[in-house]
There are 2 protein chains.
Amino acid sequence: MSPQEVTQEPAPTPRRSKITPERAQEFYAAVLDILRESGYEALTMEGVASRTRCGKSTLYRQWGSKPELVVAALHGTRQALLPYIDTGTLAGDLHEAARAIGAGSGRDTPLMHALGHAALQSPELLCALREALIAPALAAIDAMVRRGAERGEIRPDNPAAEFVSAQLLGVVRARPLVEGENADEAYLTRFVDHAILPSLGLSAPAQ
Amino acid sequence: MSPQEVTQEPAPTPRRSKITPERAQEFYAAVLDILRESGYEALTMEGVASRTRCGKSTLYRQWGSKPELVVAALHGTRQALLPYIDTGTLAGDLHEAARAIGAGSGRDTPLMHALGHAALQSPELLCALREALIAPALAAIDAMVRRGAERGEIRPDNPAAEFVSAQLLGVVRARPLVEGENADEAYLTRFVDHAILPSLGLSAPAQ
DNA sequence: GTCCTTCGATACGCCAGTGTACCGATACGA
DNA sequence: TCGTATCGGTACACTGGCGTATCGAAGGAC
């Protein structure tokens with residue numbers, strides 16, 4: 001490595017983009033909207049450009065290609081699949097989670113449907129999807145379970161604990177195929193009461 | 001309606017196709033293979049034609065368009081996601097189901113991943129997917145649960161019974177996204193033991 | 001054996017999306 | 001204030017798949 005290269009700033013592309021963070025959020029929102037509406041394959045650069053009223057050149061200058069734009073959109077919008085929840089009981093937490101996921105069905109559930117298969121064929125996309133959507137939800141649910149164990153509601157080594165998050169995300173993906181309609185709040189609440197809580201050895205709280 | 005139209009045979013297209021049922025199975029197998037490998041969007045008529053060494057005209061003559069070909073392929077190949085299972089106990093049945101689904105991961109699980117999102121945007125495709133893959137699996141699992149109830153292993157009105165099939169299909173769809181690998185036999189067996197059976201009020205059979 | 005339909009194969013026009021190039025306009029930095 | 005780089009917008013060539021048309025060949029039906 002030559003001295004020149006060392007003294008040179010490590011960023012070889014000192015782009016001074018005119019795109020404000022707010023404008024970037026518009027791009028990201030448009031990308032996610034199109035994903036939710038039409039899926040990953042139907043997302044086109046021209047579609048993003050026309051919806052955001054920008055030139056295709058801007059998109060290619062800034063993000064290079066469609067996968068990179070999608071990855072950036074996932075990373076760039078800090079959207080919480082689950083808000084912070086701590087009701088004091090595991091059952092209460094899971095109920096709130098069911099409500100949040102069910103209510104947010106119009107936001108993040110379609111995103112997972114849209115990206116589910118595409119992510120399985122692109123490691124970068126899978127990574128971005130997991131970091132942006134799945135991992136936070138997993139962490140939130142696992143935190144609920146851990147707090148429940150700390151409070152003594154369940155045993156710390158309860159073998160069903162491992163599956164709580166997978167079950168919740170699973171029915172969200174499964175119900176549209178099984179029953180033809182999205183997993184809404186009512187369904188998820190019943191699922192928590194009649195499947196998840198019993199599997200943990202808990203019973204549904206008396207209404 | 002004129003008399004002529006009444007006397008005319010109702011089938012205006014008495015095609016006498018030269019495609020033998022075996023040849024049709026080749027087409028269907030190729031379609032499903034491509035779906036498993038690359039997904040619904042990447043499936044092209046030209047790809048099917050080249051893989052089966054036939055002309056595109058044959059495909060269009062016979063099936064008309066890509067969605068119809070896929071629907072026909074789903075209906076035309078009687079592939080059992082689940083074989084007939086009856087071990088005498090609900091736990092044993094679910095174990096066998098876990099084994100069958102896990103072992104068949106290379107066959108039908110990718111199909112559901114590939115068609116999951118596309119089916120949500122095409123009613124015909126959703127219908128075909130449910131009839132060919134999902135409904136049989138649902139019926140098989142529900143039959144297991146029903147037999148378990150008849151034997152007195154669980155109460156007939158056990159509220160968790162409703163969710164068994166959705167739980168199983170759910171984790172199959174969720175695990176690749178959550179953990180990055182398919183739900184194999186070992187995972188599904190653990191899931192049955194530690195999540196489904198406890199939710200039904202049963203415990204895992206002693207190994 | 002002859003006819004007739006379908007088969008496999010190819011060529012064609014069409015359309016949509018990709019990625020690049022170019023243009024005036026404009027907003028930032030010096 | 002002035003230069004410059006990026007912006008939005010459009011045009012372009014290119015690719016790839018769709019669906020149709022057309023061809024010789026082949027295999028049943030009669």
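Below, chain A is the first sequence line, B the second, and so on; all start at residue 1. The figures that follow rest on heavy atoms only: side chains count, while hydrogens, waters and symmetry mates do not.
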Tell me, for nucleotides 25-30 of chain D in 5' to 3' order, what letter each nucleotide earns: B for a base near a protein heavy atom under 4.0 Å, S for only sugar-phosphate near one, - for neither? -BB-S-

Think A/Arg23 has a side-chain N or O under 4.0 angstrom from the OP1 or OP2 of D/dG8? yes

Going by heavy atoms closer than 4.0 Å, what residues in residues 46-58 of chain A are next to DNA chain C? A/Glu46, A/Lys56, A/Ser57

Under 4.0 Å: is that the gap between some side-chain N or O of B/Gln62 and OP1 or OP2 of C/dC7? yes

Non-hydrogen side-chain atoms of B/Glu131 and B/Pro136 separated by less than 4.5 Å: no

Report the distance from atom CG of B/Leu69 to atom P of D/dC18, rounded to the nearest whole Å. 11 Å

Nearest-Å distance, CD1 (A/Ile19) to C1' (C/dT26)? 15 Å

Across all chains, not counting sequence neighbours, the side chain to side chain contact (heavy atoms under 4.5 Å, CB included) partners of B/Pro159 are A/His194

Ignoring hydrogens and angles, write down the donor-acceptor pairs under 3.5 Å from the side chains of residues 116-129 of chain A, residues two or more places apart or on other chains.
unit_1	atom_1	unit_2	atom_2	d
A/Gln121	NE2	B/Glu37	O	3.2
A/Ser122	OG	A/Glu124	OE1	3.3
A/Ser122	OG	A/Leu125	N	3.2

Heavy-atom side-chain contact between A/Cys54 and A/Leu59 under 4.5 Å: yes

With axes from five pairs an end, tell me the bend angle of the helix from C/dG1-D/dC30 to C/dA30-D/dT1, nearest 10°. 20°

Of the options D/dG8, C/dT18, D/dG17, whose atoms approach the side-chain atoms of A/Met45 most closely? C/dT18

side-chain contact (heavy atoms from CB on, under 4.5 Å) between B/Val31 and B/Leu74, intermediate numbers included: CA-CA 9 Å; B/Val31 169; B/Leu74 283 174; over 6 Å; no

Partner set under side chain to side chain contact (heavy atoms under 4.5 Å, CB included) for A/Asn182, not counting sequence neighbours: A/His113, A/Pro176

Where do A/Ala195 and B/Ser199 come nearest, in terms of heavy atoms and distance? O-CB, 3.2 Å

Can a side-chain donor-acceptor contact be found between A/Gln25 and A/Thr77 if the only test is distance below 3.5 angstrom? no

Taking every heavy atom of A/Leu35 against every heavy atom of A/Tyr40, the minimum-distance pair comes out as CD2-CA, 3.5 Å

Check: B/Tyr187 and B/Val171 side chains under 4.5 Å, non-hydrogen atoms: yes

Residue-phosphate contact under 4.0 Å: A/Arg61 side-chain N/O, D/dG9 OP1/OP2: no

Salt bridge between A/Arg99 and A/Glu96, side-chain N to carboxylate O under 4.0 Å? yes

Whole angstrom value for the distance that separates P of D/dG17 from CD1 of B/Ile34: 11 Å

Starting at CG of A/Leu59 and ending at P of D/dG8, how long is that distance when rounded to a whole Å? 9 Å

Please give, in whole Å, the distance from C/dC22 C1' to A/Tyr60 OH? 17 Å

Would you kindly give the CD-to-C1' distance between B/Glu68 and D/dC18, to the nearest whole Å? 14 Å

Find the distance A/Lys66:NZ to C/dG19:P and express it as a whole number of Å. 9 Å

